[in-house]
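Okay, structure first, notes after.
Numbered from 1 within each chain, the chains take letters A, B, ... in sequence-line order.
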Amino acid sequence: MVRVRYAGAPSGDLHLGNIRTALFNWMFARHEGGTFIWRVEDTDPERAKQELIDRAAETMRWVGIDWDEGPFRQSERGDYYASIVSRLLEDGWLYRCYCTRDEIKARGVSSGYDRFCRTRTDQPDAPFALRFKAPDRDVVVHDRLAGEVRTPASEVQDFVAVRSDGSVVFALANTADDIAMEITHVLRGADILNAATSNVLLFEALGAAPPEFVHVPLILGPDRSRLGARHGAVGTLAYRDGGYLPEALTNYLSLLGWAPGTGEEIMSLERRVELFSLDGLQTSNAVFDIKKLEWMNEEYIKTLPVDELRDRIVALDPSIPRDVLQQALDMELLQTRIKTLAEVRDAMRYLYERPPASEVAEEARATLSMLASKLETSDWSVEAIRDAVQSTVEELGLHRRRGPKPIFVAIAGSEKALPLYESIYIIGRDEALARLRAAMSVA
RNA sequence: GCCCCCGUAGUGCAGCGGCCUAGCACGCUGGCCUUUCACGCCGGUAGCACGGGUUCGAAUCCCGUCGGGGGUACCA
């Protein structure tokens, strides 16, 4: 029975890397019919805030991840850790260390610990941490992706397991919880591959078999450093606010470090669960490419039912008039023209708000003028409007393609806009005439 | 510095010793379609990091170099 967890510090908004890790765990659990557990590593009191957890939960729900157990908070599991610590103490795995980092450095130790306190017999009246008595041999971590990762004996450290304030350190809480929760597979970022050595030592000391480790490669920014704040929008919710569909975002994220092996790229959550396998996991880091995400979002938008699309646009931006939006959507003006939901507003704004009149070329006046007079008496249908525009262009001997440009400018405020006939139809006869006249009078 | 991981076009993937004149997708780009902009369709672009082996044969296996990333905390 597969039991996996997403364990992270609630550092506010879960960033893309966190979500991808959660996603991999979740997809794996769902594929295997296993259990997905959410654990919050908030031993640091600064991080033990309910609002942070709420926000993390909001993020998880938005992307479609649900959890079978949890969220378990490490900040509430102190008693359990204390029992683990006393066990370790009884079995002789821990020893008191009174050294401060400065003292260690003063001894000429640049990194790691020289085991100074390991053999000391006195017990000074000073604060102490508890260090783990690491064995004097190579330690091997069996990782699904990296293989047998061997840490040479000289690099194996007597790491601090309990801080001088009595709180337990990440490796300890992490391992203790994985044992208690009977975790079978640990999928996490490769940034803590090295830390797995401490985990393995602790599993052994506690007489538990280590889970299968799967350290997934990291997501990098365009500059190839680990994706982080310096790369701009990295919080997952920022993508919701930016008009990305969660299914597109998670689809894209899933492909960063994993491939189904079928060549498929656009896959629903269900399909991804169906295809997910540890075998498809990648061993090298992946660069986050916003362009491909945009493309994928576009693809998802294109296949969304109109009503669904409308609801999502309104949910994101309630200020957009629903009736106008509905018309634009029904006339298929928007769906193939936006990469994100957030673009809708600017794309269709001129349909319900008169754009500032911009200057039109002198020669264009005749065009606008003739069209205006045709529109005054024309039937009010897209077909009739098309006839009016086309006949104007023909009668004035204008270029078939370039001829209507001034009309776009007059109506939409730009040469690039949604389809003209429908736009004119939607804004209505009075408004259309007013805009044409306004454009003529600017010059 | 030391330790660990990784290395196929700009990016993400496929390739698992001969089927590779290295495939797909994004990007970029030419064209068609078209009332603008898009969509769609057709085409182009660019790569096995380098050097040694092993082998009849290597993108695929081995070694080295170089390059990238991560770690080196009483952070996770």
How are the rings of A:W38 and A:W67 set to each other: parallel, tilted or perpendicular (split at 30° and 60°)?
perpendicular

How are the rings of A:F28 and A:H185 set relative to one another: parallel (under 30°), tilted (30 to 60°) or perpendicular (over 60°)?
perpendicular

Stepwise salt bridge (charged side-chain N to carboxylate O under 4.0 Å, His left out) check, A:D158 with A:R131:
CA-CA 6 Å; A:D158 278 7; A:R131 283 188 185 270; over 6 Å; no

Residue-phosphate contact under 4.0 Å: [X] side-chain N/O, [N] OP1/OP2:
X      : N     : answer
A:R401 : B:U36 : yes
A:R150 : B:C4  : no
A:R402 : B:U35 : no
A:R337 : B:U36 : no
A:T336 : B:G40 : no
A:R163 : B:A73 : no
A:Q282 : B:A14 : yes

Using heavy atoms and a sub-4.0 Å distance, could you list which residues of residues 403-412 of chain A are near RNA chain B? By number, please.
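Contacts with RNA chain B under 4.0 Å: A:P404, A:K405, A:F408.
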
Quote, to the nearest angstrom, the [atom1] distance that separates [N] from [M].
N     : M     : atom1 : value
B:C42 : B:G47 : C1'   : 24 Å
B:G1  : B:A58 : C1'   : 36 Å
B:G44 : B:C4  : P     : 46 Å
B:C6  : B:U60 : P     : 16 Å
B:U45 : B:G10 : C1'   : 11 Å
B:C39 : B:C48 : C1'   : 35 Å
B:A46 : B:C28 : C1'   : 10 Å
B:U35 : B:U21 : C1'   : 45 Å

Length of the [atom1]-[atom2] vector between [X] and [N], whole Å:
X      : N     : atom1 : atom2 : answer
A:M296 : B:U11 : CE    : P     : 18 Å
A:Q157 : B:C75 : CD    : C1'   : 16 Å
A:L281 : B:C13 : CG    : C1'   : 13 Å
A:L218 : B:C4  : CG    : P     : 18 Å
A:L130 : B:A73 : CG    : P     : 19 Å
A:L220 : B:G69 : CG    : C1'   : 6 Å
A:E422 : B:U36 : CD    : P     : 13 Å
A:Y421 : B:U35 : OH    : P     : 6 Å

For [N], the Watson-Crick or wobble counterpart (both distances under 3.5 Å):
N     : answer
B:C56 : B:G18
B:G47 : none
B:U72 : B:G1
B:G30 : B:C42
B:G67 : B:C6

Euclidean distance, A:L333 CG relative to A:Y421 OH, rounded to 0.5 Å:
13.0 Å

Of the listed nucleotides [options], the one nearest the side chain of [X]:
X      : options             : value
A:D191 : B:G70, B:U35, B:G12 : B:G70
A:L256 : B:C3, B:G12, B:G70  : B:G12
A:R224 : B:A14, B:G68, B:C39 : B:G68
A:Q390 : B:U35, B:C2, B:C5   : B:U35
A:E415 : B:G7, B:C3, B:U36   : B:U36
A:V287 : B:U35, B:C13, B:U11 : B:U11
A:R226 : B:G69, B:C74, B:C2  : B:G69
A:S111 : B:A14, B:U72, B:U36 : B:U72

Would you classify [X] as touching base, sugar-phosphate or nothing, given that sugar-phosphate means primed atoms plus P, OP1 and OP2, and contacts are heavy atoms under 4.0 Å?
X      : answer
A:P222 : nothing
A:T283 : sugar-phosphate
A:V389 : nothing
A:A259 : sugar-phosphate

Donor + acceptor pair across side chains of [X], [Y] (<3.5 Å):
X      : Y      : result
A:N251 : A:E247 : no
A:D223 : A:S225 : yes
A:K374 : A:T392 : no

Between A:Y252 and A:F288, is the gap from one ring center to the other below 6.0 Å?
yes

Show the numbers, then the answer: is there a salt bridge (charged side-chain N to carboxylate O under 4.0 Å, His left out) between A:E383 and A:R386?
CA-CA 5 Å; A:E383 294 69 36; A:R386 183 194 61 211; 5.6 Å; no

Between A:R55 and A:E51, is a salt bridge (charged side-chain N to carboxylate O under 4.0 Å, His left out) present by the stated rule, with each step listed?
CA-CA 6 Å; A:R55 189 139 172 94; A:E51 55 193 84; over 6 Å; no

Among A:R271, A:R272, A:K292, which residue satisfies the salt bridge (Lys or Arg N to Asp or Glu O under 4.0 Å) criterion with A:E265?
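Among A:R271, A:R272, A:K292, the one that satisfies the salt bridge (Lys or Arg N to Asp or Glu O under 4.0 Å) with A:E265 is A:K292.
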
Which pair of non-hydrogen atoms, one from A:R101 and one from A:G112, has the smallest distance, and what is that distance?
NH2-O, 2.9 Å

For a quick test of reading the model, state the closest non-hydrogen atom pair linking A:R400 to A:V393 and the distance between them.
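Scanning both residues, the minimum pair turns out to be CA-CG1, 4.3 Å.
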
Look at the side chain of A:T151 against the base of B:C4 and say whether a donor-acceptor pair falls under 3.5 Å; ignore hydrogens and angles.
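Check fails, no donor-acceptor contact within cut-off.
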
Between A:R77 and A:D42, is the salt bridge (charged side-chain N to carboxylate O under 4.0 Å, His left out) condition met? List the steps.
CA-CA 10 Å; A:R77 297 168 62 77; A:D42 60 351; over 6 Å; no

Generate the contact string for nucleotides 25-32 of chain B. Rules: B means base contact, S means sugar-phosphate contact only, - means no protein heavy atom under 4.0 Å.
BS-S----

